[in-house]
Number of protein chains: 2
Amino acid sequence: MGTARRPGAYVCGVDAAMDVVGGKWKVLILWALGERVRRFGALRRELPGVTEKVLAAQLRELEADGIVHREEYPEVPPRVEYSLTARGVALNEALAPLGRWGRDHVLDDGSPAAGQVREDDDVPLVAGTA
Amino acid sequence: MGTARRPGAYVCGVDAAMDVVGGKWKVLILWALGERVRRFGALRRELPGVTEKVLAAQLRELEADGIVHREEYPEVPPRVEYSLTARGVALNEALAPLGRWGRDHVLDDGSPAAGQVREDDDVPLVAGTA
DNA sequence: CTGTATCCCACACGATACTG
DNA sequence: CAGTATCGTGTGGGATACAG
């Protein structure tokens with residue numbers, strides 16, 4: 001549906017989702033907006049290192065994909081608030097297990113030698129065909 | 001854990017995971033290996049459009065991240081089999097909800113073109129998660 | 001405050017050829 | 001069969017400046 005930037009051939013749902021969420025800052029934006037509604041400037045402060053151009057671009061894409069809602073208040077000075085749509089909330093929830101995996105397996109898995117994977121610690125067990 | 005390609009500052013688990021799984025073909029590789037062990041050539045045939053160079057590179061990265069296991073058989077002609085590690089299986093499972101979201105929200109489901117999507121084979125489920 | 005408009009560049013990816 | 005080696009490229013993203 002929304003604005004698939006890639007040609008049209010998604011092999012499965014995962015890479016379709018990856019396309020939506022693939023920008024460098026998007027999951028962080030999702031995460032921030034998952035907590036509460038945020039203004040543009042708040043988002044920028046929340047994501048150290050992002051530039052306005054890129055933040056605006058990713059916000060646009062997320063909006064085009066129906067993930068975030070942009071509410072513009074015609075005041076002066078201008079105020080714009082971003083929030084998650086229902087679809088965005090669902091996406092955020094679908095991301096949660098991945099976040100848990102990341103915390104458990106790449107952030108800090110507890111082992112001091114975690115930095116370098118030696119060949120004897122990766123278990124070759126095969127994914128079950130079932 | 002292994003080989004964080006990004007500087008070191010992951011804000012949360014999700015972007016850490018995104019870094020691991022961020023390559024263009026990685027989720028597809030994960031998906032394929034989730035079904036069964038595959039040889040290099042089988043993988044290449046499975047992923048239409050990937051070149052050997054890129055496939056090899058992404059495989060190397062996944063291996064370095066402890067996601068896939070590479071088993072080389074000293075035969076002639078050479079044979080190499082790739083499989084998921086326990087960590088890879090867990091990652092694949094963590095990806096499942098995202099895959100479901102993608103199927104439901106970006107793969108054209110409500111439109112007349114929905115017939116293009118082969119709904120019988122695109123569920124990436126690895127194990128009993130479903 | 002909330003953005004565009006340019007310019008620029010690294011790096012992921014692709015094409016092709018070659019090797020153990 | 002299972003890869004490397006080389007070279008070329010597109011584009012996502014960064015810096016900076018400007019605008020409503």
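Below, all heavy atoms of this structure are taken into account, side chains as well, without hydrogens, waters or symmetry copies. Predicted model, so just to flag it, every value in this text is computed and none were measured. Naming: A, B, ... by sequence-line order, numbering from 1 per chain.
When rounded to the nearest whole Å, the span between CD of A:E46 and P of C:dT2 equals 14 Å. The interatomic distance linking B:F40 (CZ) with C:dT19 (C1') rounds to 14 Å, in whole Å. To the nearest angstrom, P of D:dG12 lies 15 Å from CD1 of A:I29. At whole-Å resolution of the value, NZ in B:K24 and C1' in C:dA15 are 13 Å apart. The distance between atom CD of B:E61 and atom P of C:dA12, rounded to the nearest whole Å, is 8 Å. Distance, B:L55 CG to C:dA12 P: 17 Å, rounded to whole Å. Rounded to an integer number of Å, the gap from B:R45 CZ to D:dC1 P is 7 Å. When the P atom of D:dG3 is taken as reference, atom CZ of B:R44 falls 10 Å away, rounded to whole Å.
Contact check for B:H105 versus A:L91: no side-chain heavy atoms found under the 4.5 Å cut-off.
Note on A:Y82: a side-chain N or O is less than 4.0 Å away from OP1 or OP2 of C:dG3. Listed pair A:R38 / C:dC1 fails the phosphate criterion, with no side-chain N or O lying under 4.0 Å from OP1 or OP2.
Of the residues in residues 72-79 of chain A, those lying under 4.0 Å from DNA chain C by heavy-atom distance are A:P77, A:P78.
Listed by first then second residue, pairs satisfying side chain to side chain donor-acceptor pair (under 3.5 Å) with a partner in residues 51-60 of chain A read A:R44-A:E52, not counting sequence neighbours. Residue pairs that meet the salt bridge (charged side-chain N to carboxylate O under 4.0 Å, His left out) test with at least one member in residues 76-86 of chain B, sequence neighbours left out, are B:E75-B:R79, B:R79-B:E81.
Atom CZ of A:R87 sits about 6.5 Å away from atom CD1 of A:I67, to the nearest 0.5 Å. To the nearest 0.5 Å, atom CE of residue A:M18 and atom SG of residue A:C12 are 10.5 Å apart. Here B:K26 contributes atom NZ and A:D15 contributes atom CG; the two are 15.0 Å apart, rounded to the nearest 0.5 Å. Note that the OH atom of A:Y82 and the CG atom of A:L55 stand 7.5 Å from one another [nearest 0.5 Å].
Nearest heavy atom pair, residue A:L107 against residue B:A16, reads CD1-CB, 3.6 Å. Listed here is the closest heavy atom pair of A:Y10 and B:V106: CE1-CG2, 4.1 Å.
Axis angle, first five pairs versus last five pairs of the helix from C:dC1-D:dG20 to C:dG20-D:dC1: 50°, rounded to 10°.
With sequence neighbours left out, A:W25 forms a side-chain hydrogen bond (donor to acceptor under 3.5 Å, both in side chains) with no residue at all. With sequence neighbours excluded, no residue forms a side-chain hydrogen bond (donor to acceptor under 3.5 Å, both in side chains) with A:R45.
Closest approach to the B:V54 side chain among C:dT16, D:dG13, C:dG14 is made by C:dG14 (side chain taken as heavy atoms from C-beta onward). Proximity note for A:A56 (side chain, C-beta onward) versus D:dG3, C:dT4, C:dG14: the nearest is C:dT4. Counting only heavy atoms from C-beta on, B:R39 has its side chain closest to D:dC1 among C:dT2, D:dG14, D:dC1.
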Which pairs would a plain distance check flag for residues 32-43 of chain A, meaning a side-chain donor or acceptor within less than 3.5 Å of a matching protein atom at least two apart in sequence or in another chain?
unit_1	atom_1	unit_2	atom_2	d
A:E35	OE1	A:R38	NH2	2.8
A:R38	NE	A:A32	O	3.4
A:R38	NH1	A:E46	OE1	2.6
A:R38	NH1	A:E46	OE2	3.3

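When each of A:R60 and B:Q58 is assigned the nucleotide of DNA chain C bearing its nearest heavy atom, the one mapping closer to the 5' terminus is A:R60.
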Between protein and nucleic acid, restricted to nucleotides 5-7 of chain D and to nitrogen or oxygen atoms under 3.5 Å apart, what atom pairs and distances do you find?
none

